[in-house]
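Have a look at the structure below before the remarks.
Just so you know, these numbers come straight off a predicted model, no measurement behind them. Below, chains carry the letters A, B, ... as their sequence lines are ordered, and counting in each starts from 1.
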Amino acid sequence: MMKNTPGPEITLEMIAEHGLTDGEYERVVNALGRAPNLTELGIFSVMWSEHCSYKSTRIWLKTLPTEAPWVIQGPGENAGIVDIGDGQAAVFKMESHNHPSFIEPREGAATGVGGIMRDVFTMGARPVANLNALRFGAPDHARTRHLVSGVVSGIGGYGNCVGVPTVGGETEFHAGYNGNILVNAMTVGIAPADRIFYSAAAGIGNPVIYVGSKTGRDGIHGATMASAEFDDESEEKRPTVQIGDPFTEKLLIEACLELMATDAIVAIQDMGAAGLTCSSVEMADKGGVGIELDLDAVPQRESAMTAYEIMLSESQERMLMVLRPGAEDMARAVFEKWELDFAVIGRLTDDGRLTVRQGDVEVATIPVRPLVDDAPIYDRPWQPTPAPAALADEGPAVAPMTALSTLMACPDLASRRWIWEQYDHMVMADTVERPGGDAAVVRVHGTAKALAMSTDCTPRYCRAAPEMGGAQAVVETWRNLVAVGARPLAITDCLNFGNPERPEIMGQLVGCIKGMAQACEALDYPVVSGNVSLYNETNGQAIPPTPAIGGLGLIADLDKRANIALKRDGDLVALVGEGIGHLGQTLYRRELFGAEDGPVPALDPAWERRVGEAVLRLIETGRLDTCHDISDGGLLVAATEMALAGGRGLALEAPEEGDIAGWAFGEDQARYLIAAPPAVMDGLLADLQAADIPACRIGQVSGDALTLEGHGHISLGELRAAHEATLPRLMGAA
Amino acid sequence: MRAKVHIYPKPGVLDPQAKAVGNALAGLGFDGIGELRQGKLFELELEASDAASARARVEDMCERLLANTVIENYRVEIEE
Amino acid sequence: MRAKVHIYPKPGVLDPQAKAVGNALAGLGFDGIGELRQGKLFELELEASDAASARARVEDMCERLLANTVIENYRVEIEE
Amino acid sequence: MKAAVIVFPGSNCDRDVRVALEAVDGVAVDMVWHGEGDFEAADLIVLPGGFSYGDYLRSGAMAAHSPVMKEVVARAGKGVPVLGICNGFQVLTEAGLLPGALLANAGLNFVCRDVHVRVENSQTLFASGLEQGAVLRIPVAHHDGQYFADDETLAELADNEQIAFRYAAGETPGPANPNGSVQDIAGIYNATKTVLGLMPHPERAADPRHGGSDGQAIFAGLAQALG
Ligand SMILES: Nc1ncnc2c1ncn2[C@@H]1O[C@H](COP(=O)(O)OP(=O)(O)O)[C@@H](O)[C@H]1O
Ligand SMILES: [Mg+2]
């Protein structure tokens, strides 16, 4: 075949437009032994983008603990996998779709959900739950309402149609996200542990198959956009947004799982960021083989698409597979039944190259190894974040019950019902703990066990003290899982930061990762998958550091679990753990004094583990069914959440001495509230005492108000109204 | 004055609705159907001194609300 | 031949979508807007010997699939 | 009793309803693919929830014209009971087996939560496990659940006792009627009471672990009535 490198000469502008530095371009020329053509330049640029190559974070990500006896697959594949017993595995991952969601919130968020689900079913798992960690700008910022409404309808519209319940997540508002919202989506799936599918291509000569939707000119440069800083011009980049088709995704799940029940598939990979390029290169690289593609065979939605466009398109709902020889007809029949495109578009070769043809023309030929291995890796300079100053003057005292009302209605603590009611959180009929509690609980279909899941991060801690903040995010998911009675197994993460080329931002990233690593280590709670989203800045203004963590745990017996709702009048309520009334960096300071100041609360992951395991034992023995961890907002807020969830009042005893605000609203870590009938509580407290865990009775369930001895009471009705009204009001629905 | 606004997905933007409707029509035995596009339609009454100013206002409405210009094109017709 | 189908909710059928759009326009400061209706639009190419038979076929499509005549009215335009 | 659950591309509650049906003693379930023009005899046909064909034109519109629906309509004509849940209800109205139509929710958002429904007519096959006037707590999850019919049809429905369920007040937050349905209608029968369509999902309240099992009474009653 005639060698042909069509297209224009590569200019300096083209190199810059592709986000490659001079040094990086030089590496391209070295890898090829010649100048690239435009298609090849495009391929290198997406493969070496931050999104695909992790060039700024790779050396730091390596420091995270990734192993445990129950880990089947750690980072490096489409998703992480843990053993959940009985021959079953849980497959899960979290991913960001921040930039696309800012530009077109509905489609951006929808395609984020679609993408993360594909990562999970690619591995042979049926998706069983979705979660979403959302961060928006200030509630009164001009774009916030539009963005919230678009993102929520996009997430709901996609997951609802596919029929996977959206069971949890988190939602925060802060001016630090005015120019860069965060949309992090997580999917959990379940697979037979002995039938997991990987992406390493194998078998020279084996056919390469394309299935799913046709390829159009969607999202070309999406991957590089996801790595480029915003400026005011970026609204112009709009047409790169992709449109999702959840109906096709549903068909794709069913078709893939049907084919996965046979022995036809050798390797499979979804086409995510950088579409055909990234999927084919990764499959070939992992298998140590070459791959040859014929672009004329690629199903196309539009006419006259160039090789560049086909290779870089980010059309959604597409997968690439390597089949066993001879399995094509059977596989084709499955995909045709589900009315999806199916095409043989290439084969595996032994020359270690990615060779792309369009008709008779060879449009790209690149050795695979350098495309992956020669990707630049940077040890970026970083500056440790300076320790926060001491807490400023406390300001005028606020009556605790007044502060409570304000906090229960503040955007970060108000009920998220307006959001989760737009998500089908019950489809598949296995949701046993709906949104609103500490962790969602989803039954493993057909068994008496369940998975618990939660996403968490407290960016105000991360900004004040990245190491503690990174650790705290991990610990909070762990605590949320424990609070429902689950054994925490592992986490996935989504590391959202600003521009890593700035040493102070890199310092936040390094700090957060260090903290995460310490917490994971201490809790035996490894990282099995994750995602990095950098350059979340607009006009030089970076987002607060936000390492969102998604935790997964296992409940062995569904009948031995807990939730936050108070269940019986007369139950005693006890505080497990202890605190000093730490007010630095709390929501209390922020919401009542407008101050984001002071040091972060102390955190000791080893101590967290001792306290949490003691609580978990109480739940696992079937004696404790009511539990809530204390986090944002502190003790009084946690107690109120329990009262509202159960529709029962609570009378709390105030401490005899000390600072009432610190007692009520301090965010000291490693604490839980538990409730049980008096006779049972005696035994629980005795067990805790025997384990050397501080615990003391602080109140009793009764009436229909929240009462704090000596400080008055507020009726549940009033608290509920304040708690429920905020989001609908913000969204103009009430 | 009366305005009509036609809104269609931009060329090249995935249009799963039109695809599904096309398939369903074929399934009902309607053959010989070529390209099929599905769009949105608004019809509104508005006060305006002349057609040009009405058009300008409706175009402004499209830019700001009626159309999602990231993925849609619009066309305004003014009837006097 | 080219056909255009306009589909609107029947008078008397609640159209909260149109109402919401009307409110949103008012919220953006567009005043003096009277009645606002929102509908669906299909544009399709089809083979037909003449306009009358094209119209008959497209009306059949509307009756059988494109419109739900319990709640919607439709209007067909044929362009030759 | 043998039930046939019809599976359209995009159905997503087919498994859920199957699980709920099979939890009743003596019930066997066949899953029937939408492309099948014929299927084995069944005592009950169920159209499950989901987004058939993506619901891209109008909810249920395309499914109403799929090959299997010709057969469903024919069997319904012979008196075989048909139950449509959520998307299944939408399909039944689009197929003309039930009067009226389901419009977008008045609030224009998808709504997923528990609602309460009152049994308006217990003298039917489908309600044989239910008591007249009883209030059930069952989840809804839909975007297009606002029942609409013209006044004449509504009068007929009332005269002929075709209203199966109405949304009723209960302890769940939010308005009792989640979607603006006319006369709070949550489910209706055909004239012979052999076809039932309802928006709430009884299969999601079929097991105490769902947080309630009021929905299961519908399946259990049906199984008993149909033997
Ligand atoms: N975007 C969302 N989607 C679904 N559920 C959400 C979302 N945001 C928050 N939630 C739910 O609201 C509840 C409160 O969230 P959060 O305050 O983050 O809990 P916690 O303090 O226990 O971590 C949780 O059950 C959570 O799953
Ligand atoms: Mg949480």
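- Comparing C:E43, C:K40, C:E47 by heavy-atom pairs within less than 4.5 Å of chain B, the highest count is held by C:E43.
- Residues B:Y74 and B:E63 bring a donor and an acceptor atom of their side chains to less than 3.5 Å of each other.
- The candidate with the highest count of non-hydrogen atom pairs below 4.5 Å against chain C, out of B:L46, B:D60, B:V5, B:I7, is B:D60.
- Scanning both residues, B:Q38 and B:P9, for their nearest heavy atoms gives O-CD, 3.3 Å.
- Taking B:L36, B:D31, B:L41 one by one and counting their heavy-atom pairs under 4.5 Å with chain C, the maximum is reached by B:L41.
- Looking only at distances, a side-chain donor or acceptor of B:K10 sits under 3.5 Å from a matching main-chain atom of B:T69.
- Counting heavy-atom neighbours within 6.0 Å of C:E45 CD, excluding the residue itself, gives a total above 12.
- Your options are B:G39, B:A48, B:G34, and the one with the most heavy-atom pairs under 4.5 Å with chain C is B:G39.
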Verdict with supporting geometry, B:M1 and B:E79, side chain to side chain contact (heavy atoms under 4.5 Å, CB included): CA-CA 6 Å; B:M1 230 164 281; B:E79 293 165 18; over 6 Å; no

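- Under a 3.5 Å cut-off, the side chain of C:R55 and the backbone N or O of C:V76 do form a donor-acceptor pair.
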Under the side chain to side chain contact (heavy atoms under 4.5 Å, CB included) rule, what do B:F42 and B:H6 come out as? Steps first, then yes or no, please. CA-CA 7 Å; B:F42 291 96; B:H6 296 70; over 6 Å; no

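- Residues of residues 20-27 of chain B that come within less than 4.5 angstrom of chain C, heavy atom to heavy atom, are B:V21, B:A24, B:L25 in numerical order.
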Using the rule given for side chain to side chain contact (heavy atoms under 4.5 Å, CB included), can you reason through C:R2 versus C:L44, listing the C-alpha separation, both sets of side-chain angles and the distance that settles it, and then say yes or no? CA-CA 6 Å; C:R2 211 176 166 67; C:L44 57 136; over 6 Å; no

